[in-house]
Visitor: 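Quick one: this structure, given as structure tokens, is what I'll be asking you about.
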Amino acid sequence: MSQTPVNEDIKTEKQLNSRKRLLPIDALAITESLGLQTFRKELRKSWTKEEDTFLSKVITEKLDNDSKLENIDWEEVAKLVSADGSKKGKDCRKRWNNCLDPGLRKGKWTNEEDEQLINAFEKFGASWLKVAQEIKGRTEDQCAKRYKEILDPKTKGRLKPWSKEEDLALVAQVKTMGQNGELFVLHSRAGRL
């Protein structure tokens, strides 16, 4: 048998593939052209300093009038903050709870907060809202992130320096899977890799 024709076929196929140009495909445009309904998510509009100031003023007034935070009608607040309807009640609630509330603690966690977080997690599990209520000034997102990334016993040793073998294993995994974070995380759950 001669191997020359096979090699020529391979070269021809490679040459053809290298000449093909992939055009970007807009899947939503194609779907719409078929008469199907699509939902394009609008880009979020950032909060302006004026909106932040006004939201803080509205919430502070409501809290000063003996209203409790859990009793605030956030949809009503949203109508006051943005007459054009660009901000929803949920947006206002999240902005206040995660950014503007003067009682929020940001930055480095204390050892006492870490102990409170561990105890609250043992008590409530991953019910982060309940956990956060046990730690004054910290949000549920802060608590979840702190526990999962630093305090979870499964992550012990995660921040220690990597060995040469671990570095090489990481490079091999990236070569195999590319830089797709989700796949990489799934394959590395058991340990570092």
Side-chain angles (χ1 to χ4, degrees), residues 24-152 154-155 179-186 189:
I25 297 173
D26 184 352
L28 290 176
I30 293 170
T31 304
E32 288 171 346
S33 73
L34 296 172
L36 301 171
Q37 187 175 9
T38 60
F39 298 95
R40 291 186 189 250
K41 200 171 191 178
E42 293 180 23
L43 294 176
R44 286 183 188 240
K45 187 177 152 195
S46 297
W47 285 80
T48 64
K49 189 161 184 70
E50 293 79 22
E51 289 172 326
D52 279 347
T53 303
F54 190 67
L55 177 60
S56 293
K57 180 182 171 200
V58 169
I59 299 303
T60 304
E61 285 176 5
K62 288 188 176 292
L63 294 175
D64 286 345
N65 293 332
D66 295 328
S67 183
K68 292 183 179 179
L69 193 61
E70 54 268 8
N71 295 335
I72 291 178
D73 181 353
W74 291 101
E75 292 302 323
E76 176 189 322
V77 170
K79 289 176 187 170
L80 295 171
V81 171
S82 68
D84 65 350
S86 63
K87 304 290 186 210
K88 306 292 182 219
K90 180 180 179 180
D91 299 325
C92 295
R93 178 180 49 80
K94 287 180 81 173
R95 185 69 175 173
W96 174 261
N97 288 332
N98 295 325
C99 300
L100 301 176
D101 184 350
L104 279 180
R105 286 185 49 97
K106 296 181 182 179
K108 189 171 174 130
W109 284 66
T110 65
N111 290 337
E112 182 182 323
E113 287 177 315
D114 282 345
E115 287 176 28
Q116 290 174 340
L117 178 55
I118 290 168
N119 292 335
F121 183 81
E122 287 172 359
K123 187 175 178 181
F124 299 111
S127 179
W128 298 114
L129 180 59
K130 291 178 182 177
V131 168
Q133 290 170 345
E134 300 282 310
I135 303 161
K136 188 170 174 41
R138 296 292 186 174
T139 67
E140 56 192 284
D141 289 340
Q142 287 175 311
C143 292
K145 186 173 184 175
R146 178 71 176 178
Y147 188 82
K148 290 176 182 176
E149 293 181 3
I150 306 296
L151 301 175
D152 187 351
K154 293 180 221 158
T155 62
Q179 295 180 356
N180 184 335
E182 288 177 24
L183 283 177
F184 190 77
V185 168
L186 288 174
R189 285 282 165 151

Visitor: Return yes if some donor-acceptor pair links the side-chain N/O of Lys106 with the main-chain N/O of Cys99 below 3.5 Å, else return no.
Guide: yes
Visitor: Could you state the interatomic distance from CZ (Phe121) to CG (Leu151), rounded to the nearest 0.5 Å?
Guide: 10.5 Å
Visitor: Would you say CG of Asn71 has more than 12 non-hydrogen atoms from neighbouring residues, nucleotides or ligands within 6.0 angstrom?
Guide: yes
Visitor: Going by heavy atoms in the side chains, are Glu113 and Gln142 under 4.5 Å from each other?
Guide: no
Visitor: For the pair Glu51 and Arg95, find out whether any cationic side-chain nitrogen is under 4.0 Å from an anionic carboxylate oxygen.
Guide: no
Visitor: Has the side chain of Lys88 got a donor or acceptor atom that lies under 3.5 Å from a matching backbone atom of Gly85?
Guide: yes
Visitor: When rounded to the nearest 0.5 angstrom, what distance separates CD in Glu140 from NZ in Lys130?
Guide: 12.5 Å
Visitor: With side chain to side chain contact (heavy atoms under 4.5 Å, CB included) as the criterion, how do Glu134 and Gln116 come out once you've worked through the C-alpha distance, each side chain's angles and the decisive distance to 0.1 Å?
Guide: CA-CA 7 Å; Glu134 300 282 310; Gln116 290 174 340; 5.9 Å; no
Visitor: Could you tell me whether the side chain of Arg146 reaches within less than 4.5 Å of the side chain of Leu117, counting heavy atoms only?
Guide: yes
Visitor: Scan side-chain atoms only and decide if Asp141 and Thr139 contain a donor-acceptor pair under the 3.5 Å cut-off.
Guide: no
Visitor: As an exercise, state the distance from CD of Glu149 to CG of Asp152, rounded to the nearest 0.5 Å.
Guide: 11.0 Å
Visitor: Let me confirm one number: the CG-CG distance from Leu104 to Asn98, rounded to the nearest 0.5 Å.
Guide: 7.0 Å
Visitor: Distance check, rounded to the nearest 0.5 Å: Lys87 atom NZ versus Cys92 atom SG?
Guide: 8.0 Å
Visitor: For the residue pair Trp128 and Tyr147, categorise the inter-ring angle as parallel (less than 30°), tilted (30 to 60°) or perpendicular (more than 60°).
Guide: tilted
Visitor: With side chains defined as the heavy atoms from C-beta onward, is the minimum distance between Asn97 and Leu69 less than 4.5 Å?
Guide: yes
Visitor: Do Phe54 and Ser82 come within less than 4.5 Å of each other through their side chains, counting heavy atoms only?
Guide: no
Visitor: Can you tell me how far CZ of Arg93 sits from CD of Glu75, rounded to the nearest 0.5 angstrom?
Guide: 10.0 Å
Visitor: Please report the closest heavy-atom contact between Gly125 and Val131, naming both atoms and the distance.
Guide: O-CG2, 3.5 Å
Visitor: Please examine the side chains of Trp96 and Val58, heavy atoms only from C-beta on, and report whether any two atoms are closer than 4.5 Å.
Guide: no
Visitor: Of all heavy-atom pairs between Cys143 and Ala132, which one has the smallest distance, and what is that distance?
Guide: SG-CA, 3.8 Å
